[in-house]
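What follows is one structure encoded as structure tokens, with my remarks underneath.
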2 protein chains.
Amino acid sequence: MSIAKNSPDQSGEDFDYDLLPGLIGYNLRKAQAAAFQDFSESLKGCDITPGQFGVLVLIEANSGLNQTRLGNALGIDRSTVVAVIDRLEGRGLVAREPAPSDRRSYALRLSEQGRALLHRARALVLAHEERIAKGLNSKEQAQLIKLLSRLGGAS
Amino acid sequence: MSIAKNSPDQSGEDFDYDLLPGLIGYNLRKAQAAAFQDFSESLKGCDITPGQFGVLVLIEANSGLNQTRLGNALGIDRSTVVAVIDRLEGRGLVAREPAPSDRRSYALRLSEQGRALLHRARALVLAHEERIAKGLNSKEQAQLIKLLSRLGGAS
DNA sequence: TATTGTTATACTCTATAACTATA
DNA sequence: TATAGTTATAGAGTATAACAATA
């Protein structure tokens, strides 16, 4: 096996990427794919995806929020949130509790197990961040985050 | 409807994102999601995804390449390439031709229709790129691409 | 009427393992 | 033995449309 998983072509032969390397979108996709792969390996012990990590963080930091607000914060549809929470609840990491003020909605909370897993995951995520950004110094990392946050009208 | 599709929380109420805004991975995901959304809207007439656009570009620029090399160039598994090409072939945009030198593999080519669609798509993609990067000047755009390309060990 | 959560449905992307044909 | 493509299978992410319960 001469080519590692998910790595770009290394076959020495000429390959023409045309306009792709000049596109922000293409570089974004590639960088995100690389980050996703490293994330998965780094958090193998926790078995969570970047999106699930974000959900756990937001629930812990905003305990009692409902699914609609969580979806708005993440920029995903309510119907998508259902499946995300289903998985997390199925693993005993998140609980749907009755919301005191509105019987249509749930108050989302982390279980003890969820809190413990998130604690472990945080440390692994920080190590993962260091690894993917090891080619950049702190100033460049800050610059990258600033530029990314200004993309897509988040302004 | 006070909240636009896939936009971050605008409910005025306090919301705690905790460590997320400081993570490269989180900002990468957010930026990519915004770019994907804009791409989809921009290329509605062509009905292709960013990944499919990349495949069409690479096939045109490297006519006759096989699925394995394409997968290597994109960093995706051979089995994933099959479904991707199936869809494109099903729409008559790509053709699997017998490879002259190796009867195990196909030589991928764009159909006339595929070439025409790619021609239209290129213009739309460039407009899309301008739109998502409208908050950045040329120097910042170049800087962003440079920083992104140095993430994930692509070094 | 509007909102929350849900279900049904659908599409894309992704991978692993095992298989066939060919090298 | 190794490689190219395929299939079966699985999981995650995403959305739209329609529905029940509640506001």
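In what follows, chains carry the letters A, B, and so on, assigned in the order in which the sequence lines appear, proteins first and then strands, with residues in each chain numbered from 1.
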How many whole angstroms separate atom [atom1] of [X] from atom [atom2] of [N]?
{"X": "B:Leu88", "N": "C:dT12", "atom1": "CG", "atom2": "C1'", "answer": "12 Å"}
{"X": "A:Leu74", "N": "D:dA15", "atom1": "CG", "atom2": "C1'", "answer": "16 Å"}
{"X": "B:Ile76", "N": "D:dT6", "atom1": "CD1", "atom2": "P", "answer": "13 Å"}
{"X": "A:Asp47", "N": "D:dG11", "atom1": "CG", "atom2": "P", "answer": "11 Å"}
{"X": "B:Arg87", "N": "C:dC11", "atom1": "CZ", "atom2": "P", "answer": "10 Å"}
{"X": "A:Tyr106", "N": "C:dT4", "atom1": "OH", "atom2": "C1'", "answer": "10 Å"}
{"X": "B:Glu41", "N": "D:dT16", "atom1": "CD", "atom2": "P", "answer": "10 Å"}
{"X": "A:Asn72", "N": "C:dT4", "atom1": "CG", "atom2": "P", "answer": "8 Å"}

Exercise for the section: With sequence neighbours excluded, tell me which residues meet side chain to side chain donor-acceptor pair (under 3.5 Å) with B:Gln143. Expected result: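 Result, side chain to side chain donor-acceptor pair (under 3.5 Å) vs B:Gln143: none returned.
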
Problem - side chain to side chain donor-acceptor pair (under 3.5 Å) involving A:Glu129 - partner list, sequence neighbours excluded - result: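 Listed in chain order: nothing, the list is empty.
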
Practice task
Would you tell me whether B:Asn66 and B:Thr68 have side-chain atoms, one donor and one acceptor, within less than 3.5 Å of each other?
Solution key: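 On atom types as modelled, these side chains do not qualify, holding no pair under 3.5 Å.
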
Problem - Polar contact flag, side-chain donor to acceptor under 3.5 angstrom, A:Arg91-A:Gln113 - result: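 No, no side-chain donor-acceptor contact under 3.5 Å.
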
Please tabulate, one pair per line, all N/O donor-acceptor pairs under 3.5 Å involving side-chain atoms of residues 44-57 of chain A, not counting sequence neighbours.
| from | atom 1 | to | atom 2 | distance (Å) |
| --- | --- | --- | --- | --- |
| A:Thr49 | OG1 | A:Gln52 | N | 3.1 |
| A:Gln52 | OE1 | A:Thr49 | N | 3.0 |

Handout entry: Under the ring-ring contact (aromatic ring centres under 6.0 Å, His included) test, residues paired with A:Phe39 that sit two or more places apart
Key =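 With neighbours one apart ignored, the set is A:His128.
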
Practice task
Could you pull out all residues at least two apart from A:Tyr106 that satisfy ring-ring contact (aromatic ring centres under 6.0 Å, His included)?
Solution key: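 Expected list: none.
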
Problem - Shared hydrophobic cluster, A:Ile59 / A:Val82 (ILVMFWY, side-chain heavy atoms < 4.5 Å) - result: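 Cluster IDs for A:Ile59 and A:Val82 differ.
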
Exercise for the section: When you get a sec, tell me which of D:dG5, C:dT14, C:dG5 is the closest nucleotide to the side chain of A:Asn66? Expected result: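 For the A:Asn66 side chain, the nearest candidate turns out to be C:dG5.
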
Handout entry: Members of residues 52-64 of chain B that approach DNA chain D, where some heavy atom sits under 4.0 Å away
Key =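 The answer is none.
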
Donor-acceptor contacts under 3.5 Å from residues 116-125 of chain B side chains, at least two apart:
| from | atom 1 | to | atom 2 | distance (Å) |
| --- | --- | --- | --- | --- |
| B:Arg122 | NH1 | A:Asp18 | OD2 | 3.2 |
| B:Arg122 | NH2 | A:Asp18 | OD2 | 2.6 |
| B:Arg122 | NH2 | B:Glu60 | OE1 | 2.8 |

Exercise for the section: For A:Thr68 and for A:Ala33, locate the closest nucleotide of DNA chain C by heavy-atom distance; then report the residue assigned to the nucleotide nearer the 5' terminus. Expected result: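 Final value for this comparison: A:Thr68.
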
Exercise for the section: Sugar-phosphate means primed atoms, P, OP1 and OP2; the rest is base. With that split, encode nucleotides 17-23 of chain D 5' to 3' as B, S or - using protein heavy atoms under 4.0 Å. Expected result: B---BBS

Exercise for the section: Could you note down all residue pairs passing salt bridge (Lys or Arg N to Asp or Glu O under 4.0 Å) where residues 97-107 of chain A supplies at least one of them, sequence neighbours left out? Expected result: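 Every pair satisfying salt bridge (Lys or Arg N to Asp or Glu O under 4.0 Å) with a residue in residues 97-107 of chain A: A:Glu97-A:Arg109, A:Asp102-A:Arg104.
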
Exercise for the section: Could you tell me whether B:Phe36 contacts a base, only the sugar-phosphate backbone, or nothing, with contacts defined as non-hydrogen atoms closer than 4.0 Å? Expected result: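 Nothing, no heavy atom under 4.0 Å.
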
At less than 4.0 Å, is any side-chain N or O atom of [X] found next to OP1 or OP2 of [N]? Yes or no.
{"X": "A:Ser105", "N": "C:dT3", "value": "no"}
{"X": "A:Arg29", "N": "C:dC13", "value": "no"}
{"X": "B:Thr49", "N": "C:dT12", "value": "no"}
{"X": "B:Gln67", "N": "D:dT6", "value": "yes"}

